[in-house]
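Note that these values count all heavy atoms, side chains included, but never hydrogens, waters or copies made by symmetry. Just so it is clear, the structure is predicted and the values come from calculations on it, not from any experiment. In what follows, chains carry the letters A, B, and so on, assigned in the order in which the sequence lines appear, proteins first and then strands, with residues in each chain numbered from 1.
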Number of protein chains: 2
Amino acid sequence: MLKLSKLTDYAVVVLVRLGDDFALQTSGGIAAATGVPEPTVAKVLKIMTTAGLVCSQRGARGGYRLAKPLSAIPVADVITAIDGPIALTACVEHSPAICDSSALCPVKGRWDRVNSAILDALSGISLADMRPPERDALSVVPMTEASAMPSYHPAGASVSTTAFVE
Amino acid sequence: MLKLSKLTDYAVVVLVRLGDDFALQTSGGIAAATGVPEPTVAKVLKIMTTAGLVCSQRGARGGYRLAKPLSAIPVADVITAIDGPIALTACVEHSPAICDSSALCPVKGRWDRVNSAILDALSGISLADMRPPERDALSVVPMTEASAMPSYHPAGASVSTTAFVE
DNA sequence: TCATTCAGGACCAAGCCAGTCCTGTTTTGG
DNA sequence: CCAAAACAGGACTGGCTTGGTCCTGAATGA
Ligand code: FES
Ligand code: FES
């Protein structure tokens with residue numbers, strides 16, 4: 001299954017939202033603005049902080065801020081931060097897993113080319129390219145309450161309408 | 001997790017093996033030659049047949065044969081045959097899943113570019129590129145018995161040495 | 001001092017994938 | 001005509017991964 005984890009999708013949404021203005025934003029505020037459940041936003045932002053993509057300010061009036069402009073963050077970095085190194089198969093350079101039968105395997109080392117092709121493709125697209133041109137409608141959402149706003153669910157399926165009850 | 005299913009890895013191994021000669025080869029023979037468990041080989045080949053990548057001949061003295069040369073089979077086709085259409089997220093063209101909140105989603109339609117970049121990369125590499133230059137050592141393996149040969153396990157981990165006991 | 005906010009885990013349930021097996025159907029060969 | 005060989009197609013199950021939640025602790029500002 002060549003697909004991204006749902007967390008990665010969330011991360012892009014959150015980061016793009018962070019890029020809308022450079023003021024400190026709390027995880028709760030971002031959750032309200034994007035419709036992503038607050039615990040999930042917090043989890044994503046923690047990972048992003050560890051990866052160095054965002055800066056955090058602790059304590060009261062704290063929050064998160066982008067560490068670099070959106071145009072300087074390739075999509076590959078976000079994926080790597082959440083999913084770990086991009087390794088299509090177990091037998092690819094920089095893969096966490098090791099391969100036993102590398103002496104016998106007929107396709108030994110041959111996936112590397114495929115892997116780097118994908119890596120190049122993902123490194124050439126930045127988060128700025130993911131931002132939609134019309135960013136007015138979303139920025140005006142008040143960060144206090146967004147109860148009536150439908151939540152954002154990338155996976156589709158059945159929308160549990162009580163995703164962010166508070 | 002941006003990684004391929006293990007079946008896809010097997011499929012490439014099996015198809016490359018099929019490309020070594022154009023005679024009919026039984027699933028059992030391929031299993032013996034590659035070290036992949038026989039039921040798995042059969043499963044992979046059935047999928048490949050449905051996808052039209054290999055031709056099958058039923059009955060006694062039957063077997064499988066490549067439908068087209070290795071150089072005419074891009075890696076993307078193998079992945080699509082096993083994993084379904086390449087769709088990084090749920091909100092990509094040709095994705096089987098549907099997205100509810102496409103009206104609100106801030107990155108609506110923005111994954112398409114990433115997806116096609118990957119698709120292009122995978123379409124530009126054929127199975128012939130996956131075949132190692134030295135194909136002597138593998139072709140001389142007799143198809144009758146390969147009991148002493150270590151099995152091929154892409155995932156690494158613990159090698160159950162009794163993979164193909166018979 | 002206290003409320004606020006992030007840090008960093010542990011934790012559980014659901015979904016998915018790998019691998020196996022079983023029952024047909026088709027063809028060859030005696 | 002019969003039996004063996006080999007593919008077709010599905011059902012089934014165990015194990016792993018992931019998504020999502022929660023809890024406790026540390027830092028900061030009022
Ligand atoms: S999740 Fe469907 S358009 Fe973004
Ligand atoms: S599975 Fe490790 S080299 Fe191919």
Side-chain angles (χ1 to χ4, degrees), chain A residues 1-11 14 24-31 36-51 54-65 82-84 90 96-97 143 151-158 160 162-166, chain B residues 1-11 14 24-32 36-51 54-65 82-84 89-90 96-97 143 151-158 160 162-166:
Chain A
M1 27 72 187
L2 188 58
K3 68 179 193 55
L4 293 176
S5 97
K6 214 181 291 186
L7 265 298
T8 307
D9 198 354
Y10 283 136
V14 168
L24 282 174
Q25 301 188 43
T26 69
S27 62
I30 296 174
V36 179
E38 196 273 338
T40 301
V41 172
K43 185 177 199 173
V44 166
L45 282 174
K46 277 181 242 179
I47 300 174
M48 294 297 107
T49 304
T50 309
V54 306
C55 301
S56 66
Q57 175 69 32
R58 304 232 282 205
R61 309 275 315 197
Y64 294 95
R65 188 176 357 103
I82 292 192
D83 290 337
M143 292 171 61
S151 300
Y152 165 61
H153 288 280
S158 63
S160 61
T162 61
F164 185 57
V165 173
E166 169 48 48
Chain B
M1 30 60 187
L2 188 57
K3 68 180 193 54
L4 293 176
S5 100
K6 215 180 290 186
L7 266 297
T8 307
D9 197 354
Y10 283 136
V14 167
L24 280 175
Q25 302 188 43
T26 69
S27 62
I30 296 174
V36 179
E38 195 274 337
T40 302
V41 172
K43 186 177 198 172
V44 166
L45 283 174
K46 278 180 242 179
I47 299 176
M48 294 296 107
T49 305
T50 310
V54 306
C55 301
S56 65
Q57 175 68 32
R58 306 232 282 204
R61 309 274 317 201
Y64 295 96
R65 189 177 354 105
I82 292 192
D83 290 337
T89 70
M143 292 171 63
S151 298
Y152 166 61
H153 287 281
S158 63
S160 62
T162 61
F164 184 57
V165 173
E166 169 47 49

Check the interface with nucleotides 16-19 of chain D: list each N/O to N/O pair with the protein under 3.5 Å, or write none.
residue, atom, partner, partner atom, Å
D/dG19, OP1, A/K6, N, 2.6

Polar atoms only, N or O, under 3.5 Å: list the protein pairs with nucleotides 28-30 of chain D and their distances.
residue, atom, partner, partner atom, Å
D/dT28, O2, A/A60, N, 3.1

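- Distance OH (B/Y64) to P (C/dT26): 15 Å, rounded to an integer number of Å.
- Checking each of B/T49, B/V14, B/I47 against B/V54 for a side chain to side chain contact (heavy atoms under 4.5 Å, CB included) leaves exactly one that passes, namely B/T49.
- OP1 and OP2 of C/dT5 both lie 4.0 Å or more from every side-chain N or O belonging to A/S56.
- Taking atom CG on B/L45 and atom C1' on C/dT20, their separation rounds to 16 Å, with Å as the unit.
- The side chain of A/P39 approaches D/dT21 more closely than any other nucleotide in the set D/dC7, D/dT21, C/dT20.
- Counting only heavy atoms from C-beta on, B/T50 has its side chain closest to D/dG9 among D/dA6, C/dG9, D/dG9.
- Across C/dC6, D/dA8, D/dT21, the shortest atom-to-atom separation from the side chain of B/T49 is found for D/dA8.
- A side chain to side chain contact (heavy atoms under 4.5 Å, CB included) with B/I82 is found for one member of B/M48, B/K43, B/K6 and no other, namely B/M48.
- At a threshold of 4.5 Å between non-hydrogen side-chain atoms, the residues A/R61 and A/T26 do not count as touching.
- Within the 4.5 Å cutoff, the side chain of B/L7 has no heavy atoms near those of the B/D83 side chain.
- For the residue pair B/A31 and B/P37, the shortest heavy atom distance occurs at CB-C, 4.3 Å.
- If you measure from atom NZ of A/K46 to atom P of D/dC23, you get 13 Å, rounded to the nearest angstrom.
- Atom CG of B/D9 and atom C1' of C/dC17 are 15 Å apart (whole Å).
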Chi angles and distances behind the side-chain contact (heavy atoms from CB on, under 4.5 Å) call for B/L2, A/T8: CA-CA 10 Å; B/L2 188 57; A/T8 307; over 6 Å; no
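- We find that CE of A/M48 is positioned 15 Å from C1' of C/dA7, with the value rounded to whole Å.
- Here the side chain of A/S27 is nearest to one of D/dG20, C/dC6, C/dG19, namely C/dC6.
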